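Below you'll find the structure, written out as structure tokens, and then a few comments.
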Amino acid sequence: MAPHPKPGAKRDRDRLRCEMTDAGCDLAQIALEMRVRFRMRPREAWRHAHGLTLQAAADRLNDVGGSRPGLAVAADASLVGKWEKWPTASGRRPSPGVLALLAELYGCGVEDLLDFADRQELPQADMQLPRRRAPAPVQPADGPEPPEAPTPEPCGAELVSIASEESAAWARWAETTNVGDIALEQLLADTRAVAGDYLSGDPTAVFRETRALRNRVFALLEGHQRPGQSADLYLLAGYLCGLLAWMSSDLGDMRRAETQGRTAWLCAEIADHNGLRAWTLSTRSKIAFWDGRTKDAITLARRGAAYHPSGTAGVLLACQEADAWARLGAAHQAQAALTRAAEAQAAPHGEDDIAGLFSCSDFRRVNYATGVHLLSGHAATALEEATSALATPPPHAYGTAAQLHITLACAHVALGDLDGAAQALRPVLALAPEQRLAPVAERLREFARAIALSPAAGGRAAGRLQEMVESWYLESAPRRLALSPGSLAG
């Protein structure tokens, strides 16, 4: 048996329109019934009263706008759908010109296309829309329409008065804004909060919170605000996309991380903010590194450092360059970059805009440094510095601490101490599955490879360590996310 269509399905709408038309109802009555029966917004109801699809309405709207000087639009089905959904978060506010074209298309007054929710959100200037009713809906023309009678141009005192009213109306629009200074401060505080929460919380939960916050900022940017407020919103959007890029790579999805990174860079360019540029390039360097594009990681880190950002971005960028050089076996260049990182950490550098994930503490710097020492063949130095850093008072980001423990374990393996390696790995193996992020998983696989290449390979202790690593990986966050039917796509 075929399933019964849900209320408001095309079959239901078509039946209602035909029945009401046969009963002599006009379009206004049909649109009203659509709104009440199917809980539609007014612009959607009028479209369905005409029996138009989104694309058909967009095509006719483009035709109508093309014949009206100054009102041309380039609409598609998606844009018409967003105009219908506004003022919800997924909608887009139709301009006065668009509302006038829709009213002409549907043969109704502009006020018929607005409900109370629309009127609450419309800027005051837009409420001065004309309240005339079009005589009939626009129909596709078989030939050219007859020319309209020319409207007399205003002159004299009337011309001066109209020009003054036009400027006053524009001024009322220009001074309106959909976001205030307190709201911007709260958005900045919320962005800093998610950047900090990510260092200790459930990464997927923080990802969802960050995505929701980014969507709020995106929605505000689709409205109207003053230029300085727009710049602040683009800055926040860029940082939030940067955070999502970093988090996406931690969850093992490099392709989507790159997409977030490109959007963050666009926001940095629009906001013209060197700090955001530097952190975005740091994020993209990290993505390139874990994606196996080591030379790209170096290039991106150097580009970021060239902006001479305030805060600790310069420290992290130098650390990332050192890590990539060490991976390529270039010990001299890696050590030079580490020296720059230590100098940047010691120099006055100001506060980070966002902090949390977008900051580089000395603990984080040491994590990079010990990894470089290990890759450069200085296991004893790596062991000493990692042990000293792990002895400092908490709190530390669990991901950074886990990588330091793995470096410590690898140093023990290089020095022939499997018991020490097992002891160092205990906190890593005890991580909750949702905190077993992609960089930690890859570092742990490097540990397994170090075991396989060590003189102890093949022994019982080495085999037990490798089994524990493999079991740990099966419950890692990237693997669980890949197997999940859900999606975190932003």
Side-chain angles (χ1 to χ4, degrees), residues 70-74 79 82-83 85-100 110 114 116-129 162-195 210-244 260 262-280 307 309-311 350-355 358:
L71 291 181
V73 293
L79 186 55
K82 289 182 178 180
W83 285 333
K85 292 177 183 176
W86 189 82
T88 64
S90 59
R92 178 176 297 181
R93 177 167 61 86
S95 67
V98 166
L99 288 170
V110 169
L114 304 173
F116 183 61
D118 294 318
R119 294 171 185 276
Q120 285 183 305
E121 296 296 330
L122 274 175
Q124 188 62 36
D126 289 7
M127 293 303 296
Q128 310 303 318
L129 295 166
I162 290 175
S164 172
E165 290 175 2
E166 290 169 342
S167 293
W170 183 87
R172 288 193 296 271
W173 172 84
E175 71 176 357
T176 60
T177 176
N178 63 344
V179 62
D181 292 340
I182 293 177
L184 284 169
E185 288 179 15
Q186 184 61 54
L187 288 168
L188 176 59
D190 292 343
T191 302
R192 288 171 173 163
V194 293
T210 306
R211 179 191 180 212
L213 186 57
R214 180 212 58 183
N215 288 347
R216 283 171 54 196
V217 174
F218 278 178
L220 287 169
L221 278 168
E222 290 187 352
H224 177 252
Q225 56 278 149
R226 295 166 187 168
Q229 294 170 328
S230 295
D232 288 342
L233 287 172
Y234 276 111
L235 183 63
L236 288 169
Y239 274 124
L240 289 164
C241 286
L243 291 170
L244 289 172
Q260 298 283 5
R262 284 190 288 270
T263 306
W265 179 257
L266 173 64
C267 292
E269 291 286 273
I270 295 173
D272 193 20
H273 194 278
N274 284 345
L276 176 55
R277 287 187 177 105
W279 280 113
T280 299
Y307 286 104
S310 61
E351 297 293 326
D352 291 306
D353 287 341
I354 300 301
F358 280 168

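Predicted, not measured: the structure shown is a model, and the values here were computed from it. Computation of the quantities below employed the complete heavy-atom set of this structure, encompassing side-chain atoms and omitting hydrogens, waters and symmetry-equivalent molecules.
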Checklist entry - Within the distance-only criterion (no hydrogens, no angle test), does the side chain of Asp352 pair as donor or acceptor with the backbone N or O of Gly311 below 3.5 angstrom? => result no
Item to check | Contacts of type side-chain hydrogen bond (donor to acceptor under 3.5 Å, both in side chains), residue Thr263, not counting sequence neighbours | outcome: none
Checklist outcome for this item: Heavy atoms of Ala237 and Cys267 approach each other most closely as CB-SG, 3.9 Å
Checklist entry - Is any side-chain heavy atom of Leu122 less than 4.5 Å from a side-chain heavy atom of Arg93? => result yes
Checklist entry - Just wondering, do Thr191 and Leu243 contact through their side chains at under 4.5 Å, heavy atoms? => result yes
Next on the checklist: Measuring only between side-chain heavy atoms, which start at C-beta, is Tyr239 closer than 4.5 Å to Thr210?
Outcome noted: no
Item to check | Partner set under side chain to side chain contact (heavy atoms under 4.5 Å, CB included) for Ile270, not counting sequence neighbours | outcome: Tyr234, Leu266
Checklist outcome for this item: Glu222 meets the side-chain hydrogen bond (donor to acceptor under 3.5 Å, both in side chains) criterion, sequence neighbours left out, with none
Next on the checklist: Looking at every non-hydrogen atom in both residues, tell me the closest pair between Phe358 and Gly242 and how far apart they are.
Outcome noted: CZ-C, 3.6 Å
Item to check | Summary of salt bridge (charged side-chain N to carboxylate O under 4.0 Å, His left out) pairs that have at least one residue in residues 268-277, sequence neighbours excluded | outcome: Glu269-Arg277, Asp272-Arg277
Next on the checklist: Give me the atom names and distance for the closest heavy-atom approach of Ala355 to Ala195.
Outcome noted: O-CB, 3.5 Å
Item to check | Any residue meeting side chain to side chain contact (heavy atoms under 4.5 Å, CB included) with Gln186, in chain and number order, not counting sequence neighbours | outcome: Ala189, Asp190
Checklist entry - Hey, does Gln120 have a side-chain heavy atom less than 4.5 Å from the side chain of Phe116? => result yes
Checklist entry - Got a sec, which residues hit ring pair (Phe, Tyr, Trp, His ring centres under 6.0 Å) with His273, two or more places apart in sequence or on another chain? => result none
Checklist outcome for this item: With sequence neighbours left out, the residues meeting side chain to side chain contact (heavy atoms under 4.5 Å, CB included) with Leu188 are Arg192, Leu236, Ile354
Checklist entry - What pairs with Thr88 under side chain to side chain contact (heavy atoms under 4.5 Å, CB included), at least two apart in sequence or on another chain? => result Lys85, Ser90
Checklist outcome for this item: Tightest non-hydrogen contact, residues Val110 and Ala100, listed as CG2-CA, 4.1 Å
Next on the checklist: Applying side-chain hydrogen bond (donor to acceptor under 3.5 Å, both in side chains), can you list everything that pairs with Gln229, at least two apart in sequence or on another chain?
Outcome noted: Thr177
